[in-house]
Number of protein chains: 2
Amino acid sequence: MSTKKPSSSSNITIRDVAQLAGVSPATVSKVLNGIPYVSPDTHARVQAAVEQLQFRPNSIARSLKMSRTSTLGLITNDLEGVFTMSMMRGVEEVAAEQGFSVFLCNSYGEPERERAHLQVLLDKQIDGVILMNGFRVHERGAPALSLGNMPVVYLFQYTRTSGIPSVIPDDFGGAVTGTQHLLDCGHQRIGVINGPPNYEATHIRLAGYRQTIEAAGLTFDPALVRAGKWYESFGYALTNDLLSQAEPPDSLFCMSDSLAVAAMSVVRERGLNIPRDISVVGFDNRAFAGHQTPPLTTVKLPLVEMGRLAGELLLQAIKAGKPADEIYRVPCELIQRASTRLMASPESGVN
Amino acid sequence: MSTKKPSSSSNITIRDVAQLAGVSPATVSKVLNGIPYVSPDTHARVQAAVEQLQFRPNSIARSLKMSRTSTLGLITNDLEGVFTMSMMRGVEEVAAEQGFSVFLCNSYGEPERERAHLQVLLDKQIDGVILMNGFRVHERGAPALSLGNMPVVYLFQYTRTSGIPSVIPDDFGGAVTGTQHLLDCGHQRIGVINGPPNYEATHIRLAGYRQTIEAAGLTFDPALVRAGKWYESFGYALTNDLLSQAEPPDSLFCMSDSLAVAAMSVVRERGLNIPRDISVVGFDNRAFAGHQTPPLTTVKLPLVEMGRLAGELLLQAIKAGKPADEIYRVPCELIQRASTRLMASPESGVN
DNA sequence: CTGAAAGCGCTAACAA
DNA sequence: TTGTTAGCGCTTTCAG
């Protein structure tokens with residue numbers, strides 16, 4: 001009894017092609033791999049044979065010989081994280097473009113699982129691996145398993161000590177962009193609804209906000225800032241609180257779209273119009289941002305782009321040697337919708 | 001010049017182990033694969049050598065020999081679909097449990113890309129593949145490429161003609177559950193906010209609703225039903241319209257959580273209390289459902305479970321031969337939260 | 001320009 | 001119980 005299951009891919013090998021074309025297997029291999037010094041004539045005969053037999057080279061055999069698998073690993077700590085999918089899409093996209101497949105692994109944030117997955121991936125001879133955080137930019141140490149000289153890239157997390165290239169969003173720049181936009185709209189008292197203190201983004205975005213308003217000659221006023229958690233249910237109280245003070249803000253920069261949705265709802269309940277009476281800017285550019293009434297202006301987290309960059313860095317490392325082990329900060333673009341209104345510039349405005 | 005890049009996994013082979021243990025490679029292979037008839041003594045020596053050398057078998061070589069890769073393919077038409085992640089998690093979970101890795105591929109719904117991915121996966125000798133729809137249960141035809149006898153499972157999509165096992169949610173049963181719950185709460189006029197007609201779920205869920213109220217002796221009233229699209233922005237007008245009629249419904253069954261969120265907001269704006277004045281039930285059990293005020297009672301789409309089942313069916317087919325090519329409908333459970341209130345049963349109630 | 005030969009690391013008869 | 005042998009399907013010197 002043969003234990004070999006009938007492979008679904010046809011069982012024709014390079015020898016069959018060689019035989020049909022009347023050449024040696026070595027020659028077939030050469031035309032398959034585009035190695036020069038093959039006469040046009042043989043080249044054509046081989047190609048015809050390949051065609052006729054519908055031959056597909058067995059990439060396992062090739063991998064065994066070459067020690068390359070054209071395969072990447074992608075390990076995430078949270079497969080259901082809010083930001084996971086888009087980054088994954090970016091990674092998958094570049095990988096597919098360059099003929100690579102990607103293994104998907106979920107570590108649930110447990111080092112032991114990360115180790116186990118890395119071990120399997122190492123056994124399967126993948127060419128490189130991306131370690132991705134699904135919901136929070138964070139500094140972390142080395143991979144849970146020593147990877148020898150296999151290329152690694154960190155995504156949505158970073159390290160300063162392990163010599164691993166890292167791709168993260170430019171939260172600071174994003175906050176600057178959002179704040180500047182509100183400033184450009186003519187606002188002077190920009191309120192902030194922020195996330196929890198155990199997220200780096202919370203602090204970095206606030207810093208970006210602060211620097212921008214100060215650069216505009218305004219004074220940073222802690223009374224305009226509230227912080228809680230990222231999701232909607234926290235936005236209601238925070239916004240109500242912020243708007244209840246004597247000198248309420250004239251605009252709101254919410255550091256997540258979920259918070260912005262809550263904020264808009266509170267603003268509406270108070271009988272104010274967005275953007276006439278008050279502008280609202282979000283952060284993230286989640287799918288629902290464009291479906292709000294009015295559609296939410298927001299600072300976009302460049303997730304797909306980040307995934308792509310991580311993939312590109314990894315492939316580059318695989319093909320050409322280690323890329324600079326820097327921290328790559330991808331810019332966050334402002335997505336302008338209807339929850340803010342650009343005022344006429346002073347020069348062109350009505351006097 | 002060697003083109004062989006220094007493999008990150010150590011280069012020790014089964015021969016090194018054999019040598020150190022003073023046995024033949026074949027013997028090492030036997031203990032590695034748990035084949036009996038190896039003396040306890042040699043077994044121990046081999047294991048010691050494996051340990052000492054930190055030996056890890058090269059799974060590429062093993063795959064070449066055995067024509068099995070312990071690898072699955074997962075192709076989705078929408079990597080960023082709302083339901084994609086959870087199903088993926090289920091698949092990844094069972095795969096990892098059984099020592100399989102999964103290749104992730106995005107076809108963007110284009111047959112040409114599906115074909116290309118399948119081709120690559122076939123070349124890489126995967127053991128089986130799951131074709132998953134990321135956002136909509138739909139009937140579809142055969143895979144874009146003939147897969148020979150490689151096992152396939154459809155997930156969140158199905159076929160009646162291609163002999164492929166399919167896993168989908170029991171939308172009908174879910175609608176029955178949700179409706180029955182509202183009935184149990186004592187409601188008599190259950191309004192429905194539904195999705196667009198080009199989704200099968202729209203019709204199936206409505207049918208489930210209808211059958212349930214009719215089974216309870218009530219008459220199906222089209223005036224209680226509204227339909228638009230799945231997402232929030234459509235929920236406002238639909239709900240307002242529904243509540244504005246002469247005899248408004250006493251409860252709302254929204255066929256998506258997004259619609260339910262909109263409905264709740266409208267209800268609140270009209271000064272009604274949930275659940276005192278009106279109950280609201282959603283569908284899907286999205287992450288945000290539990291964060292609403294009040295937390296939303298909803299019918300859960302069993303996405304992780306479906307992913308797991310699809311994975312299990314596939315692995316079973318790989319290991320033991322094709323499973324019955326049926327359509328597996330996974331039940332939708334009611335997640336009871338605070339937007340509905342179970343009334344005391346008639347018997348035990350105050351007279 | 002082409003082919004013969006060796007071997008990637010492993011498993012599976014078959015013999016001993 | 002163990003070892004010898006013969007490949008899996010491919011690539012790559014190296015000789016012709």
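Below, chain A is the first sequence line, B the second, and so on; all start at residue 1.
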Report yes if at least one side-chain N or O of N58(A) is closer than 4.0 Å to OP1 or OP2 of dC8(D); otherwise report no.
-> no
With sequence neighbours excluded, residues passing side chain to side chain contact (heavy atoms under 4.5 Å, CB included) with T84(B) = T76(B), L79(B), M88(B), M132(B)
I12(A) CD1 to dC8(D) P, in whole Å, measures 15 Å
List for me each residue that meets ring pair (Phe, Tyr, Trp, His ring centres under 6.0 Å) alongside Y154(A), sequence neighbours excluded, and say none if there are none.
-> none
Partners of E110(A) by side-chain hydrogen bond (donor to acceptor under 3.5 Å, both in side chains), sequence neighbours excluded?
-> R113(A)
With sequence neighbours left out, what residues match R308(B) under salt bridge (charged side-chain N to carboxylate O under 4.0 Å, His left out)?
-> E93(B), E97(B), E312(B)
Expected list for residues 34-42 of chain A near DNA chain C, using heavy atoms below 4.0 Å, is Y37(A), V38(A), S39(A), T42(A)
Quick one: list whatever passes side-chain hydrogen bond (donor to acceptor under 3.5 Å, both in side chains) with Y328(B), sequence neighbours left out.
-> none
List in chain and number order the residues that pass salt bridge (charged side-chain N to carboxylate O under 4.0 Å, His left out) with E112(B), two or more places apart in sequence or in another chain; answer none if no residue qualifies.
-> R115(B)
List in numerical order all residues of residues 17-29 of chain A for which some heavy atom is under 4.0 Å away from an atom belonging to DNA chain D.
-> A26(A), S29(A)
Select one nucleotide: of dC10(D), dT11(C), dG9(C), the one nearest the side-chain heavy atoms of R62(B).
-> dT11(C)
Return the angle between end axes of the helix from dC1(C)-dG16(D) to dA16(C)-dT1(D), with five pairs used per end and rounding to 10°.
-> 40°
d(CZ, F55(A); C1', dG9(D)) in whole Å = 8 Å
Which residues satisfy the side chain to side chain contact (heavy atoms under 4.5 Å, CB included) test with Q98(A), sequence neighbours excluded?
-> F100(A), L315(A), K319(A)
I14(B) side-chain proximity, nearest of dC10(D), dG9(C), dC10(C) = dC10(C)
Roughly how many Å is it from CZ in R15(A) to P in dG7(D), rounded to a whole number?
-> 10 Å
In whole angstrom, what separates R68(A)'s CZ from dG9(D)'s P?
-> 20 Å
Rounded to whole Å, CD of Q125(A) lies from P of dC10(D) at a distance of 18 Å
With N58(A) via side chain to side chain contact (heavy atoms under 4.5 Å, CB included) - residues at least two apart | I60(A), A61(A), L64(B), Q125(B)
Rounded off to whole Å, could you give me the CD1-to-C1' distance for the I60(A) and dG9(D) pair?
-> 11 Å
Taking only residues two or more places apart in sequence, or in another chain, which ones meet R62(B) in a side chain to side chain contact (heavy atoms under 4.5 Å, CB included)?
-> N33(B), P57(B), M66(B)
Side-chain donor-acceptor contact under 3.5 Å, S101(B) with K124(A) = yes
Take atom CG of N33(B) and atom P of dG9(C), then tell me their distance rounded to the nearest Å.
-> 17 Å
Short question: side chain of T69(B), backbone of S67(B) - any donor-acceptor pair under 3.5 Å?
-> no
Judged by atom type as modelled, is there a donor-acceptor pair below 3.5 Å linking the side chain of T13(B) to the main-chain atoms of R15(B)?
-> yes
In whole angstroms, the gap separating P of dT1(D) from CZ of R45(B) amounts to 14 Å
Side-chain donor or acceptor of K65(B) under 3.5 Å from a matching atom on the base of dG9(D)?
-> no
